[in-house]
Amino acid sequence: MPQRRVVTGRSQEPRRRFAEELRTLRTGSGTSLRQLGERLGWDWSLFGKMEKGETLGSPEVVQALDQHYGTPGLLLALWELAAGDHTQFRERYRRYMALEAEAVSLWHFAVSVLPGLLQTPGYAREVLAAGGLRGRELDQQVEARMGRRELLEGEDAPPFRTILSEAVLRTPLRNVGEWRGQLSHLAEVAERSSVTMQVLPLAAGMHGLDSTAVMFLRLPGGLTVAYTENAHRGELVEEDGPVERLQRAYDAMRDLAMSPAESRTFVLATLEEAPCEAST
């Protein structure tokens, strides 16, 4: 089959194309990000993140941009394509990503690394690079991971509980500034009404998930599936028996964790202890 001819030279990836169109429209109008924020009534940094591909923004923001640029429906259509695009993820994760997007509630345990839903761009980049990603693929996967965070944003965000092993918070990034930013983000997210964050202290000892990171998804209709993961592979678990066993292990482990209030205090204390960037 002959290769499709590229006419515009712009990205064929939905998320990247959406970001490119936003940037092209703004720069073409001679408007700065700050001016755009002032005119539309949103924090200008939001538009900067959208143009970098770090977030898609809400439909309301995109509709306002369509009206501002005189492109009725165009940006919203690109936004819908980007939001529904699971090809940005590696093949083995795509089914899980589709289920995650449908979930009515989620609960998670992090054994060594923060869940993607809570990662900042700097944290995601260092973790993915440690796993061997480089260049364009690394950029693409960071963008994709940042897009997942939108699941927890907005008034209709599904309930999300995360239990973080203390080891997660004792393993800093090499970049001190990025690590402090990640801890600040955690403390901020923990204040959202839809998010419950707990810390499992190392002193809690051994438990049934001490070597397994797991995410549970409750889907429309009441079905629950689980996704287990280690540094080398992940597995979607859909059979009732194995899911039930994982759920029991999770419940027993949760009883050992700090309360949400204690956990947020722990995160803030970790932030205070983190070294500041050396002045130059």
Side-chain angles (χ1 to χ4, degrees), residues 89-90 92-119 123-124 127-128 130-131 145 148-149 151-152 157-172 182-183 186-187 189-190 192-267 270:
F89 300 103
R90 290 180 165 185
R92 60 183 177 178
Y93 297 131
R94 289 178 189 172
R95 174 161 167 72
Y96 169 77
M97 291 297 116
L99 294 174
E100 183 182 82
E102 298 175 8
V104 296
S105 64
L106 311 89
W107 55 107
H108 173 269
F109 171 60
V111 67
S112 59
V113 177
L114 286 170
L117 291 172
L118 298 181
Q119 293 179 10
Y123 189 97
V127 168
L128 290 168
R145 188 160 292 188
R148 290 176 59 201
R149 300 196 313 178
L151 184 69
L152 303 183
F160 175 64
R161 176 187 297 274
T162 184
I163 301 176
L164 309 176
S165 168
E166 182 181 342
V168 175
L169 300 173
R170 298 299 186 192
T171 309
Q182 176 65 78
L183 292 173
L186 276 182
V189 171
R192 297 179 188 174
S193 60
S194 61
V195 175
T196 302
M197 184 181 70
Q198 294 179 261
V199 173
L200 179 71
L202 293 174
M206 303 290 286
H207 55 85
L209 294 174
D210 56 14
S211 61
T212 304
V214 60
M215 175 78 87
F216 296 93
L217 308 176
R218 177 162 291 130
L219 305 174
L223 176 67
T224 297
V225 301
Y227 186 79
T228 61
E229 191 171 30
N230 60 34
H232 303 288
R233 66 187 299 268
E235 180 183 4
L236 184 63
V237 183
E238 301 182 75
E239 298 82 3
D240 291 343
V243 170
E244 177 64 22
R245 286 192 290 274
L246 286 168
Q247 180 70 67
R248 289 178 183 176
Y250 184 92
D251 290 343
M253 180 267 300
R254 184 180 60 187
D255 292 341
L256 304 173
M258 300 178 190
S259 71
E262 292 171 332
S263 298
R264 186 171 185 276
T265 299
F266 187 91
V267 170
T270 304

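The shown structure was predicted, so the numbers you read here are calculated from the model rather than taken from an experiment.
- Between Gln119 and Val113, some side-chain heavy-atom pair lies under the 4.5 Å cut-off.
- Of the N and O atoms on the side chains of Glu262 and Ser259, at least one donor lies less than 3.5 Å from an acceptor on the other residue.
- Interatomic distance, OG1 of Thr196 versus CZ of Arg264, reported as 13.5 Å (0.5 Å rounding).
- Residues Glu166 and Leu200 are not in side-chain contact: their nearest non-hydrogen atoms beyond the backbone lie 4.5 Å or more apart.
- Here CD of Glu100 is found 4.5 Å from CG of Leu117. Values are rounded to the nearest 0.5 Å.
- Side chains of Leu164 and Pro115 form a contact here, defined as non-hydrogen atoms less than 4.5 Å apart.
- Under a 3.5 Å cut-off, the side chain of Arg145 and the backbone N or O of Leu128 do not form any donor-acceptor pair.
- Val168 pairs in a side chain to side chain contact (heavy atoms under 4.5 Å, CB included) with only one of the listed residues (Val199, Ile163, Leu114, Val111), which is Leu114.
- Residues Leu186 and Leu169 are in side-chain contact: their nearest non-hydrogen atoms beyond the backbone lie under 4.5 Å apart.
- Remark: side-chain polar atoms of Arg218 are not paired, donor with acceptor, to backbone N or O of Val104 under 3.5 angstrom.
- For the pair Tyr250 (side chain) and His108 (backbone), a donor-acceptor distance under 3.5 Å is present.
- Between the side chains of Gln198 and Arg161, at least one donor N or O lies within less than 3.5 Å of an accepting N or O.
- Put simply, the side chain of Phe266 reaches to within 4.5 Å of the side chain of Met258, judged on heavy atoms.
- Taking the side chain as every heavy atom from C-beta outward, Leu219 and Thr224 never approach each other to under 4.5 Å.
- The side-chain heavy atoms of Arg254 and Asp251, taken from C-beta on, include a pair separated by under 4.5 Å.
- For Arg192, the CZ atom is densely surrounded, since the number of other residues' heavy atoms within 6.0 Å is greater than 12.
- Between Ser165 and Phe109, the closest side-chain pair of non-hydrogen atoms falls below 4.5 Å.
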Practice prompt. Please lay out, stage by stage, how Tyr96 and Glu235 fare under the test side-chain contact (heavy atoms from CB on, under 4.5 Å).
Written response: CA-CA 9 Å; Tyr96 169 77; Glu235 180 183 4; over 6 Å; no
